[in-house]
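Here's the structure, in structure tokens; my notes come after.
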Amino acid sequence: MTVTDSETPAGWVPEAVDSAVDGSDEDMPLSLRLSIADTLTLGNATCGFMAVYFTTTGILIPHLTGDQSGMARNSAATAVILMLCAAVFDLFDGLVARKLRSSPMGAELDNLSDLISFGLAPAYFVLVYGVVGEGAHQRVAAVGAIVVLLAVVLRLARFSCVTLRDGVFQGMPSPFGALTVVSIVLLELPFVATLLAIIGTAWLMVSRVEYPKPRGPLAVAMLAWIVAAMGLLAAWAFDAPGGQLLLQTGCALQLVLGAVIPLFATARRVNNFRDNRREARATQLP
């Protein structure tokens with residue numbers, strides 16, 4: 001049965017049919033058109049999902065089945081490299097969106113993809129660490145994983161609602177936070193130290209500490225650091241000479257960056273506050 005609207009102009013249906021037959025997308029709503037930046041964002045989500053896949057099939061399942069074939073190291077490296085690839089997609093989709101057209105749903109796609117790649121994937125990595133790690137406690141690790149996931153959820157929600165001055169993020173960016181969490185796990189520290197460091201990273205993601213946006217030279221430096229991290233993971237996965245030491249050095253540097261940037265940001269904020277107070281006092285003097 002066909003229902004028609006009495007107020008619909010005659011000829012409206014044939015025009016719609018002709019448009020559908022011609023295959024033209026001119027009448028397609030803007031909200032349904034994917035831009036180049038959106039395609040990169042979907043690549044981000046795909047990398048995050050595949051990171052979960054390799055963490056499951058290469059680390060968790062072999063551990064549960066008692067298969068010690070040596071695939072855990074390769075799969076762990078692959079999962080982390082996929083998270084790094086997701087960070088590259090996340091970096092470039094923003095750059096492309098600023099240079100070219102972005103669709104109205106670009107921001108929503110970006111948040112959903114970030115939730116998969118930098119929320120679910122690292123949280124699941126922590127959860128699996130609690131199952132397979134020596135001296136780890138599964139239930140406590142599950143709590144840490146939930147804390148990471150919720151921190152990313154809250155950070156992304158706040159990002160959508162709060163307007164900040166141009167060029168800064170409030171709280172540690174989720175890609176940086178995810179890589180820091182994974183680096184903490186790969187360092188193989190004692191369980192308590194690992195858990196405390198993970199919770200501290202989650203707190204930084206929801207904090208009010210300002211982080212600079214990766215633009216210009218900072219974006220180039222970030223991309224170079226990601227490529228270097230991929231090389232370190234590859235050396236570790238293939239058991240290259242000194243690969244374990246190189247990986248631990250890279251993970252330690254990631255942790256140092258995660259700790260130093262908030263200190264510099266806080267010091268700069270305190271100095272700006274003091275300068276503003278001095279200017280205010282100077283203007284009040286006769």
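Along the sequence shown, the residues carry numbers beginning at 1. Keep in mind it's a predicted model, so treat the numbers as computed, not measured.
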Report yes or no: does [X] contribute a side-chain atom to a donor-acceptor pair with the main-chain N or O of [Y] at less than 3.5 Å?
X: S113; Y: T41; value: yes
X: T201; Y: G177; value: no
X: R208; Y: Q170; value: no

I'd like to check [X] versus [Y] (side-chain heavy atoms, cut-off strictly below 4.5 Å). Are they in contact?
X: W236; Y: L186; answer: yes
X: M230; Y: I226; answer: yes
X: P175; Y: L179; answer: no
X: F191; Y: V140; answer: yes
X: L253; Y: W225; answer: yes
X: R73; Y: D239; answer: yes
X: T180; Y: M172; answer: yes
X: V152; Y: L120; answer: no

Determine the minimum heavy-atom distance between [X] and [Y], stating which atoms define it.
X: G250; Y: L232; value: CA-CD1, 3.8 Å
X: S75; Y: F54; value: CB-O, 3.7 Å
X: A141; Y: G130; value: CB-CA, 3.4 Å
X: L233; Y: A77; value: O-CB, 3.8 Å
X: R158; Y: S207; value: NH2-O, 2.8 Å
X: A79; Y: F125; value: CB-CE1, 4.5 Å

Do [X] and [Y] land in one hydrophobic cluster if side-chain heavy atoms of ILVMFWY residues count as linked below 4.5 Å?
X: L246; Y: L84; result: no
X: L109; Y: I116; result: no
X: I81; Y: I59; result: yes
X: M50; Y: M83; result: no
X: L82; Y: V88; result: no

Query raised in the report: Is it true that atom CD of Q244 has more than 12 heavy atoms of other residues, nucleotides or ligands lying nearer than 6.0 Å?
Result: yes
Query - Heavy atoms from other residues, nucleotides or ligands near CZ of F49 exceed 12 (cutoff 6.0 Å) - result: no
To the nearest 0.5 Å, what is the distance between [atom1] ([X]) and [atom2] ([Y])?
X: L42; Y: L112; atom1: CG; atom2: CG; result: 10.0 Å
X: L150; Y: R155; atom1: CG; atom2: CZ; result: 15.0 Å
X: Y129; Y: Q138; atom1: OH; atom2: CD; result: 12.5 Å
X: L91; Y: L218; atom1: CG; atom2: CG; result: 9.0 Å
X: L156; Y: E108; atom1: CG; atom2: CD; result: 10.5 Å
X: F89; Y: L40; atom1: CZ; atom2: CG; result: 6.5 Å

**Report entry** Any side-chain donor near an acceptor of the partner, D93 and N44, under 3.5 Å
**Finding:** no
Requested in this report: Please state whether the rings of F159 and F169 are parallel, tilted or perpendicular, taking 30° and 60° as the class boundaries.
Outcome: tilted
**Report entry** Candidate pair Y124 and T56, rule side chain to side chain contact (heavy atoms under 4.5 Å, CB included), full reasoning
**Finding:** CA-CA 9 Å; Y124 186 71; T56 302; 2.7 Å; yes
Requested in this report: Just do the side chain to side chain contact (heavy atoms under 4.5 Å, CB included) check on D114 and D110 with the steps written out, would you?
Outcome: CA-CA 6 Å; D114 286 354; D110 189 62; 3.5 Å; yes
Report task. Walk me through it: do L115 and L149 pass the test side chain to side chain contact (heavy atoms under 4.5 Å, CB included)? Result -> CA-CA 8 Å; L115 180 59; L149 180 62; 4.2 Å; yes
Report task. May I have the step-by-step check of side chain to side chain contact (heavy atoms under 4.5 Å, CB included) for V126 and I198, ending in yes or no? Result -> CA-CA 9 Å; V126 173; I198 288 173; 3.9 Å; yes
